[in-house]
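Every chain is numbered from 1, with letters handed out A, B, ... down the list of sequences. These figures come from a predicted structure and were not determined experimentally. Because only heavy atoms are used, hydrogens play no part in the values below, and waters and symmetry mates are left out as well, while side chains stay in.
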Amino acid sequence: MTTKTSNAVESAASGEKKLTKKDLNKVVLRSLGMEWDWNYERQMNMAFCYSMLPVIKKLYDKPEDRIDAMKRHLEFFNTTPQLSTLILGITAAMEETAANDPSFDKESISNVKVSLMGPLAGIGDSFIWGTLRIIATGVGVSLASQGNILGPLLFLLIFNVPAQGLRYYLMHMGYKLGSGFLQKIQENGLMETLTYGASVLGLMVIGSMTAGNVAVNVPLVIGEGDAATTFGDICNTIMPGLLPLAFTLFIYYLVSKKNVKTTTLLLLLVAVGLVGSFFGILGV
Amino acid sequence: MTTKTSNAVESAASGEKKLTKKDLNKVVLRSLGMEWDWNYERQMNMAFCYSMLPVIKKLYDKPEDRIDAMKRHLEFFNTTPQLSTLILGITAAMEETAANDPSFDKESISNVKVSLMGPLAGIGDSFIWGTLRIIATGVGVSLASQGNILGPLLFLLIFNVPAQGLRYYLMHMGYKLGSGFLQKIQENGLMETLTYGASVLGLMVIGSMTAGNVAVNVPLVIGEGDAATTFGDICNTIMPGLLPLAFTLFIYYLVSKKNVKTTTLLLLLVAVGLVGSFFGILGV
Amino acid sequence: MTTKTSNAVESAASGEKKLTKKDLNKVVLRSLGMEWDWNYERQMNMAFCYSMLPVIKKLYDKPEDRIDAMKRHLEFFNTTPQLSTLILGITAAMEETAANDPSFDKESISNVKVSLMGPLAGIGDSFIWGTLRIIATGVGVSLASQGNILGPLLFLLIFNVPAQGLRYYLMHMGYKLGSGFLQKIQENGLMETLTYGASVLGLMVIGSMTAGNVAVNVPLVIGEGDAATTFGDICNTIMPGLLPLAFTLFIYYLVSKKNVKTTTLLLLLVAVGLVGSFFGILGV
Amino acid sequence: MLVQAILLGLVAMLGNAEYLLGTSCLSRPLVMGALTGIIMGDIPTGVTLGATLELAFMGSFSIGASIPPEMISGTVLGTAFTISTGSGLETALTIGIPVASLVLIVKNVGMVFILPPFVHKADDYAAKGDMKGVARMHFLGGFFGVNLIIGLCVAIGFYAGGPAVQALLDIIPEWVSNGLQITMGLLPAIGFALLLNMIMNKKVACFFVLGFALSVYLGIPTTGVAIFGAVAAIVLSQLQHAGSTQVALEGGMDDDDEDF
Amino acid sequence: MLVQAILLGLVAMLGNAEYLLGTSCLSRPLVMGALTGIIMGDIPTGVTLGATLELAFMGSFSIGASIPPEMISGTVLGTAFTISTGSGLETALTIGIPVASLVLIVKNVGMVFILPPFVHKADDYAAKGDMKGVARMHFLGGFFGVNLIIGLCVAIGFYAGGPAVQALLDIIPEWVSNGLQITMGLLPAIGFALLLNMIMNKKVACFFVLGFALSVYLGIPTTGVAIFGAVAAIVLSQLQHAGSTQVALEGGMDDDDEDF
Amino acid sequence: MLVQAILLGLVAMLGNAEYLLGTSCLSRPLVMGALTGIIMGDIPTGVTLGATLELAFMGSFSIGASIPPEMISGTVLGTAFTISTGSGLETALTIGIPVASLVLIVKNVGMVFILPPFVHKADDYAAKGDMKGVARMHFLGGFFGVNLIIGLCVAIGFYAGGPAVQALLDIIPEWVSNGLQITMGLLPAIGFALLLNMIMNKKVACFFVLGFALSVYLGIPTTGVAIFGAVAAIVLSQLQHAGSTQVALEGGMDDDDEDF
Ligand SMILES: OC[C@H]1O[C@H](O)[C@@H](O)[C@@H](O)[C@@H]1O
Ligand SMILES: OC[C@H]1O[C@H](O)[C@@H](O)[C@@H](O)[C@@H]1O
Ligand SMILES: OC[C@H]1O[C@H](O)[C@@H](O)[C@@H](O)[C@@H]1O
């Protein structure tokens, strides 16, 4: 906070860099393409960097600073796209501080990005895909199934008014958070608490979505006659959904411990599906 | 504690004021009318003050002390009536301490009253109205529906033996708490913990009762034909009971932030019901 | 830890006593009879002591030390039998430390035994009896009900491979814990945390098993005609399963506060069952 | 006829006097129905109708400032007319329920216009140190502000007779009676809001939502939520004071004895 | 006949010897039924009856000091008589279940009168430092106190024959057999009470209620409760030690590595 | 015919362009069906088929790296063929669903072989400080790597005609299409694993299991779990910082004001 204030004073004297509302709105606009070139390697990295370009241009003059910043923002990034502006806003604010305060530790920018994108995705996916989309679909389908063209129109409206409104709002809120609350929180050592809380929420949501969206069926028959059961049913006796849970944790293990690439996993799962289907071990 | 003991020593010497069991029983008797003149402005205030009169008379001799005490107990009060004696007991004990120890901060009496009545109401309403009454009704109705006069009699017995027994017991327990445990707790700074725990329990119970007792139906139709749904159903997709929850929180907001009076709210809800019914927006 | 290391150094010099893998395996073998002479007085005490004999023989030379150790291990012991080796392992490691370090407080051995056996039983019973056995039974019955002899065979395999595997594994893990982690934990004052966590889990599991396995039915009719209910149903209105819960807590009270012997309780329950059945108060 | 009317009025006043007698549930239909039966000379029918109306009003009880339908008048008039005309169960319901809504409005008029002056008068007496005055206001306020009104409604209603009451009820269009019923569903929100206002602050607000969510998602009844709530309260209180001396909530002892 | 009786007695003793062989579930009806089938020369029927009785005794298992019905004798006699008389499934149940209750009583006589002397004798040997003596008591106690008794019950029962056993069972009035069954439902409470006595103290008592409530209100099976319990245990342990070095329960490491 | 093929290709590209336009759900069957209807000259049928396919693809959405079936091509071709041949609802489904699985594979070929070079090229530009270059790679990568491919699939598919597409689909044996559907069920695991990789560490891992268990044991939907999760997050954060200054998560204030 003190840094902030003294900077503000400095800024009157020297030429302190300051992002305007217009700059932030440019970022909002660019963020619309957050999933345009989503790739298996670093996911939203290009779109994130592209969204940050106006900020980078405004804040940094020296080429090496710009190169640095671009590299920083070409790193892995992924979150619920409509809410990505929250992190863009926070990041923009932190870049601003960094541009004006040479002693600012730029690594903390990446840290904040990384620590927020996961929980935000967990919460956001549940809200955007699991709730908002379902409501919009409910209304849309109920009209469209009668051939009423209002169906798709209302669908788009109900989905996008809150979603894009949030996108806009979160950018500015993120910027404010980034330059005020978040710095205070970091000074007070509360960042850890915040991430902890967000992780608790995010993980629970991911757990619930895993239960609903990952499907692993093993219709392998055990026993004979009326009393016969399947391997899948026996697993469900231990815990309902044990197989999807174990499978997801296994993939997690491959990703986090064995550093298996996403593309490899993709091909692997196609193979597993085909082989499992061929031998009748896995079912739909 | 030390104050207490030294007071006890003093009392042998000087004329220390001490409430007897008989005094407390008088209060129990008077507490029976706790809801007799329940009013929208300060709810049980008159009955509470009336119940405290024997205590005030016994403990204070000077008119200004009595006036002070009466004013104090004519303030807002509300809790589950059958359990009100818990707070009466605690309050009586604190008045006793106050009467004997001039340095005692009398505001703390009001504080304890206020901080306990809410949680006690939450827990008590659930027990008295939600559980005890339902059990008594169950037995009573099962007999009465055959025309058996034992039905209403057993109903009254099953309800009142525990309810009024509790009323008696809580008075004396409250008095003991107020002169022992509660003071110790206050000295140890545990009062906050106690209120915290009671609030957790009380709020959860109120939340549950809100879910069961507030009814907001919006049968506004959206969509056409087979796929049509109502506004209410869409809200339930987001969260079952979202409307009653939101409505209750809105009323809470009016009460706590806008200081809207209870009488106003009452008239408002009558109006809302009538208007909603007239236009078919709200349903039974 | 420091004690441990300095002992290790000593051991090179003097003749320090050390348990080998072979010794531990002997204990595993003997632990198979953990329930062979289970008795109402001290439950698994004889089998536990018998299992520890090889350890006692190896570690102690002086007769008084051996007598001491035998007495120690003839005390009350009970836990899920297949998992008893965890505690045997820990105990063996602690005896080893005691044998080499005269300043070691031997009472802590009994303390650790006592504080771990309860939570382990709670968790273990749920896993071994509630989960593993049910799965094995499911598979076994589904085959056997067609007369297929594979049913009982698979049943035994599915149950015993994990159960006895665990028995073996836990012995060695227990030994390692007892000579490393557990001592560190005790030094760090984390033992309490560990017991706390284990108790939380153990108690929840016992609570759940109580709900599923204790049956108290009171078919006493209250009311007449169609509206009649039973005493049991009224209790279930307060809380489902209130009677089994209250009954279990009452037995607990007899056991823990009144020190009623298990044999007495046994006879009591037979009497209660017969009398209740005779007068029609209790039902199946 | 007049005597019966007066007696029924007194029964109704006795019902409302439960609030002077320990909130002892005298006003419930189960009790009022039986007493009406005694006055009308047909106890079994009175008791049976009481049971029927009790089930109908099961969900009506007062929480905080939410006042439920005025069951007393509903029950007494519903039961009395059913017995006097010898008609069936439905009559008790079709008269009792709308009467209860209607008299609630009359009762509220009393509580808004008649009762408050007594409350303010009590303040004056207190300021003068007049204990007797405070006590007097307490008794008179409740009597004139509520009790008498209900008695009058019942007595007059019965004296006017079933057809007159029915005619009055028939004037009311359906959307109004529907509207009043909707309001009955909304009213408890005031009670809960006032309770919340007494307890809630930022730190604990989430527990209100938790209790609500437990009920709507898992269908746990309130007693069940109270059990889960008690566990939460105990554990969280312990954690809050971890490190400092722990107090056992139930027993008020300073130390945590292991042998429970 | 005599030979078969002796062999069945040995089968029963083998079943009970599961307690010498790792509590390996040899005594379960599924296994006992199959072995009885072998002795009786009709394996498929033995196996099938074992499966039937296993389902009937599914809920019977020992927790703490609660001893379930003596399934071994019930299964062996029930199966043997069914095969020898060539009757249907029901016979196995109608004989097996009451026999199991009856022999449980006989078994308890052994555990109350015969076993304890061995336990006390072991104390004496220990006091003298006689390891061999302690070991001997261990083996003999289990054998004479329990194992042999069950074997004898089965052998004698089979030798006496189905009608005799049936006659014995028929003497028992219905309220007695009902009463014994009620007792079977109460018995587990002793087991749980003893477990509680080992773990419970004021601080954690609420978790017992929590586990119970989760099961009765939400119908969560025990494994499910164990999962929720594990989460609670981990989180609460962490919180208790917040501030001080946190220990990761699963791995026993001192620090909390972020890359799991 | 050719013109329609090109227009349908453009509609498909517009659908995929939702990822340039705020992930605005343009690609959903509900929207694609309507637009296809416009091009094919039968709006009501297009809208209705869109609704049908929307329901079929309800569970298909992208989480992390799990890519759902390529609904755009499925919807556009399914709808277009149904309208052009005048056949019933089922046609849209029997063509739409397998086409979506098939084109997903083609799309993945693009994402695995065509898109990555653009990503790496962007790194080079960044290293040189060339902002325009980075921006260019962003646009071109998405266009050539994904967008164009989908457009081509649709245009070519429609031009080849229903029978040709059907023939292509018929070649695929059942175990393959089954296998692909199984894979669709497995794919989300990658998405969740990547999310977990971003958040999970030893300390909080149990909450993943908790969320899962709440859903499978109690059937709570994800929003419900989020509500319970929010309560847990708030309470646990508070406890973690108990003692030190407490921060109210929602408002960012330093102190805990009692009047909420
Ligand atoms: O809510 C506490 C309390 O408030 C009012 O006094 C009445 O509604 C009572 O019935 C209730 O118990
Ligand atoms: O409860 C622990 C343990 O107690 C006794 O030893 C037996 O009932 C076992 O079956 C059980 O596992
Ligand atoms: O999970 C976060 C995010 O990951 C990817 O970017 C896509 O699957 C999005 O749909 C999703 O919201």
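Nearest approach of C:Asn213 to E:Pro188, heavy atoms of both residues: O-CG, 3.4 Å. Nearest heavy atoms, E:Thr48 versus C:Gly147: OG1-CA, 3.4 Å. Across all their heavy atoms, C:Leu274 and E:Leu180 have their closest contact at CD2-N, 4.3 Å. Considering all non-hydrogen atoms of both residues, C:Val214 and E:Ala189 come closest at CG2-N, 3.7 Å. The nearest pair of heavy atoms linking E:Val225 to C:Met204 is CG1-O, 3.4 Å. Minimum interatomic distance between E:Leu30 and C:Pro152 (heavy atoms only, all atoms of both residues): O-CB, 3.6 Å.
Chosen from E:Pro44, E:Gly224, E:Gly33, the residue pairing most often with chain C at heavy-atom distances under 4.5 Å is E:Pro44. For chain E, the option among C:Leu265, C:Asn217, C:Val284 with the highest count of heavy-atom pairs below 4.5 Å is C:Val284. Comparing E:Val146, E:Val31, E:Val119, E:Val204 by how many heavy-atom pairs each has under 4.5 Å with chain C, the most go to E:Val119. Between chain C and the options E:Phe228, E:Tyr125, E:Tyr217, the largest number of non-hydrogen pairs under 4.5 Å is found for E:Tyr217.
Under the 6.0 Å distance and 45° angle rule, C:Arg133 counts as a cation-pi partner of E:Phe61.
Proximity of a side-chain donor or acceptor of E:Asn178 to a complementary backbone N or O of C:Ser277 within less than 3.5 Å is not detected. At least one donor-acceptor pair under 3.5 Å links the side chain of C:Gln164 to the backbone N or O of E:Gly22.
Considering only heavy atoms from C-beta on, C:Tyr40 comes within 4.5 Å of E:Asn108 through its side chain. No side-chain heavy atom of C:Asn39 sits under 4.5 Å from any side-chain heavy atom of E:Met111. The side-chain heavy atoms of E:Leu187 and C:Leu266, taken from C-beta on, include a pair separated by under 4.5 Å. In this structure, the side chains of E:Phe207 and C:Ser199 stay at 4.5 Å or more apart for every pair of heavy atoms. Side-chain contact between C:Tyr50 and E:Met137 is absent, with no heavy-atom pair separated by less than 4.5 Å. Proximity of E:Phe208 to C:Leu249: side-chain heavy atoms (C-beta onward) are separated by under 4.5 Å at one or more points. Under the 4.5 Å side-chain criterion, counting only non-hydrogen atoms from C-beta, C:Ile134 is in contact with E:Met58. When side chains are defined from C-beta on, C:Glu41 does not count as touching E:Leu115, because their heavy atoms never get closer than 4.5 Å.
Inspection of the C:Ser208 and E:Thr222 side chains reveals an N or O donor paired with an N or O acceptor under 3.5 Å.
Heavy atoms closer than 4.5 Å to chain E are found in both the backbone and the side chain of C:Met209. Of the atoms belonging to C:Arg42, it is side-chain heavy atoms, and not backbone ones, that fall under 4.5 Å from chain E. Interface residue E:Val134: only side-chain heavy atoms are found under 4.5 Å from chain C. Neither the backbone nor the side chain of E:Thr52 comes within contact range of chain C; no heavy atom of the residue lies under 4.5 Å from a heavy atom of that chain. Interface residue C:Leu245: backbone and side-chain heavy atoms are both found under 4.5 Å from chain E. Interface residue E:Pro221: only backbone heavy atoms are found under 4.5 Å from chain C. If you measure heavy-atom distances from C:Asn236 to chain E, you find no contacts under 4.5 Å at all. Heavy-atom distances place no part of E:Leu49 under 4.5 Å from chain C, backbone and side chain included. Only the side chain of E:Leu214 comes within less than 4.5 Å of a heavy atom in chain C; its backbone stays farther off. Of the two parts of C:Pro240, the backbone and the side chain both hold a non-hydrogen atom closer than 4.5 Å to a non-hydrogen atom of chain E. Heavy-atom distances place no part of C:Ala163 under 4.5 Å from chain E, backbone and side chain included. Of the atoms belonging to C:Phe159, it is side-chain heavy atoms, and not backbone ones, that fall under 4.5 Å from chain E. Residue C:Ile128: no heavy atom, backbone or side chain, is found under 4.5 Å from chain E.
In this structure, E:Tyr19 has its ring center at least 6.0 angstrom away from the ring center of C:Trp36. A ring-centre distance under 6.0 Å is not found for C:Tyr252 and E:Phe192.
C:Phe76 CZ: more than 12 foreign heavy atoms inside a 6.0 Å radius. More than 12 heavy-atom neighbours from other residues, nucleotides or ligands sit within 6.0 angstrom of CD on C:Glu64.
Against chain E, the residues from residues 77-84 of chain C that qualify, each with a non-hydrogen atom under 4.5 angstrom away, are C:Asn78, C:Pro81, C:Gln82 in number order.
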Query raised in the report: What's the verdict on side chain to side chain contact (heavy atoms under 4.5 Å, CB included) for C:Leu156 and E:Leu26, showing C-alpha distance, side-chain angles and the deciding distance?
Result: CA-CA 8 Å; C:Leu156 287 176; E:Leu26 292 178; 4.1 Å; yes
Report task. Kindly indicate, with the supporting measurements, whether the criterion salt bridge (charged side-chain N to carboxylate O under 4.0 Å, His left out) is fulfilled by E:Asp130 and C:Arg66. Result -> CA-CA 9 Å; E:Asp130 180 350; C:Arg66 291 186 173 185; over 6 Å; no
